[in-house]
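Every heavy atom of this structure was used, including side-chain atoms; hydrogens, water molecules and symmetry mates were not. Indexing begins at 1, ligand by ligand and atom by atom, following the structure's order.
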Amino acid sequence: LVLIVLLAAPILSASAQGGEPVEAVPGQEVNLILLPKDPGNPVFVEAHNGAMEAHEELENPGELIFTGPTPENAIPGQIEIITSGTTEGVDAIMISANAYEELVPATTAAREAGIAVVTWDSPVMPEGEDLFIAQVDFSETGVVMADMALSLLGDEGGQFAILSATPDASNQNAWIEAMQAAIEADEKYANLELVDIVYGNDVPEDSYNQALGLVDKYPDLKLIMAPTTVGLAAAAKALQDEDLCGEVLLSGLGLPSEMQAFVEDGCSQEFALWSFHDLGYLAYYVSYLLASEQITGEVGESFVAGRMGEYTIEEDPNREGGKRVLMGPFSLYNLD
Ligand code: RAM
């Protein structure tokens, strides 16, 4: 302990004064839970791989536990895992949240017990977390989606619908709001007409059926925008099965490995994403540093996240009272 304090104290004060960023001292024993929305979703398997990379690199003799709820039990399942992690006394819980508000009593109890709560991908309310690892800036996501819609539909525009994940997912809800705000803020989007928002719960079958429902309900629908990798891949399959590829255009946030064949078949024209592997790696670094008390999580503190380089904790401009570490960037994917 003395050694940690001696090592960490000068680093902390230097960083708080805007000095040298904290370099992680490896080998600290901390137990961490990586809690995704759904461990069966391939993007979260990628995030787990990234977290495992950091876990090995930092030579943590403690455990990295990857566990999550089933889609049917998405919110209560997460609450249960947070609560049992608190009882067991883990050192940090890294959460991609299925709900913005409902997890907060459980995360608050965890924090009161001294556990670092780091959200990533999908945050909880600021009062329920230490900080959020934002994959990209959430307002920018809205602009990226509006721009993809505009580039596919052109100035002529037309009707489009959004196929989202679960109705409570804070990341998707923020992105949808940001897209609507972007569209309202600039005349160039004036001909993009949002006709509906539906939810496929990040379950392939539900998303598939919701995509078909949209096509049936809106005969003039020109585009489906799916800000979820699960929804996008399922909608592509639905359009392919119905022979509608190219007639109804498809865009959103997608995993390249799942979307490649659909893009080659003309069933999705363009989509965006970031690296989930890196997101898991960065979330792990921040959680390890917090749990081993090498950083305190204050705004202005900087640290080095291994091969990803230097980051600074900042106020989250999209969530009042929230703190974030911003990752980025977006990558755009299309046939080229
Ligand atoms: C799904 C999940 C995840 C989101 C991506 C884009 O995999 O809903 O939270 O970040 O889509």
Side-chain angles (χ1 to χ4, degrees), residues 34-51 66 68-72 74-75 77-78 94-100 103 118-124 129 132-142 144-145 148 162-179 197-208 210-211 224-237 250-259 262 268 270-283 318 324 326-333:
L34 184 68
L35 171 54
K37 284 179 172 178
D38 168 10
N41 178 342
V43 301
F44 296 123
V45 174
E46 289 197 2
H48 181 214
N49 288 336
F66 180 58
T70 58
E72 299 72 39
I75 299 172
Q78 286 200 316
M94 303 174 262
I95 308 169
S96 167
N98 278 319
Y100 197 53
L103 303 188
V118 172
T119 59
W120 54 283
D121 180 56
S122 182
V124 296
E129 62 184 31
F132 172 50
I133 315 298
Q135 52 271 63
V136 286
D137 178 81
F138 276 21
S139 332
E140 192 193 339
T141 313
V144 166
M145 295 201 302
M148 289 192 297
I162 292 177
L163 167 60
S164 189
T166 57
D168 296 307
S170 61
N171 52 351
Q172 270 91 11
N173 286 345
W175 300 333
I176 293 167
E177 249 178 56
M179 182 185 187
I197 303 175
V198 297
Y199 301 89
N201 301 319
D202 267 354
V203 171
E205 298 72 35
D206 294 0
S207 308
Y208 183 99
Q210 290 290 351
I224 295 175
M225 178 64 61
T228 137
T229 58
V230 180
L232 187 63
K237 181 83 177 68
L250 180 62
S251 178
L253 304 174
L255 190 60
S257 56
E258 288 185 317
M259 292 305 294
F262 292 124
S268 173
E270 186 169 55
F271 60 92
L273 206 70
W274 48 86
S275 166
F276 269 87
H277 185 105
D278 284 354
L279 187 60
Y281 180 91
L282 181 57
N318 301 309
R324 76 172 181 187
L326 178 61
M327 184 185 79
F330 268 108
S331 299
L332 280 186
Y333 300 89

side-chain hydrogen bond (donor to acceptor under 3.5 Å, both in side chains) for S164 and Q172? Distances and angles first, verdict last.
CA-CA 7 Å; S164 189; Q172 270 91 11; 5.1 Å; no
What protein heavy atom is closest to atom 1 (C) of ligand 1, reported as residue, atom name and distance in Å?
T229 OG1, 3.3 Å
Heteroatom proximity flag, D202 to ligand 1, N/O under 3.5 Å
yes
Of all the atoms in ligand 1, which lie at a distance below 4.0 Å from a heavy atom belonging to F276?
10 (O)
Do ligand 1 and N41 have nitrogen or oxygen atoms that lie under 3.5 Å from each other?
yes
Side chain, backbone, both or neither: which part of L255 comes within less than 4.0 Å of ligand 1 when only heavy atoms are counted?
neither
Determine whether the aromatic ring centres of F276 and W120 lie less than 6.0 Å apart.
no
Taking the side chain from D278 and the backbone from G50, do they hold a donor-acceptor pair closer than 3.5 Å?
no
N/O to N/O below 3.5 Å, does that happen between W175 and ligand 1?
no
Run the numbers on F138 and F132 for ring pair (Phe, Tyr, Trp, His ring centres under 6.0 Å), then give the verdict.
CA-CA 12 Å; F138 276 21; F132 172 50; 5.5 Å; yes
Element-labelled atoms of ligand 1 that are located less than 4.0 Å from some non-hydrogen atom of K37
2 (C), 3 (C), 8 (O), 9 (O)
Would you find a donor on one side and an acceptor on the other, under 3.5 Å apart, between the side chain of D38 and the backbone of P71?
no
Is it the case that the side chain of N98 and the backbone of A74 share a donor-acceptor pair, with hydrogens and angles ignored and the cut-off at 3.5 Å?
yes
Could you list which atoms of ligand 1 come closer than 4.0 Å to a heavy atom of D121?
3 (C), 4 (C), 9 (O), 10 (O)
Please could you name the atoms of ligand 1 that F44 approaches to less than 4.0 Å, counting only its heavy atoms?
3 (C), 9 (O)
Does any N or O in the side chain of Q78 come within less than 3.5 Å of the main-chain N or O of L103, such that one atom is a donor and the other an acceptor?
no
Atoms in ligand 1 flagged as close to N171, the criterion being non-hydrogen separation under 4.0 Å:
3 (C), 4 (C), 9 (O), 10 (O)
Mark yes or no for whether S170, through its side chain, and P123, through its backbone, hold a donor-acceptor pair below 3.5 Å.
yes
Region of W274 that comes within reach of ligand 1 [heavy atoms, distance under 4.0 Å]:
side chain
Between P69 and P36, which heavy-atom pair has the shortest distance, and what is it?
CD-O, 3.6 Å
Any idea which atoms of ligand 1 are less than 4.0 Å away from a heavy-atom of Q172?
2 (C), 4 (C), 8 (O), 11 (O)
Does W120 come within less than 4.0 Å of ligand 1, judged by its heavy atoms?
no
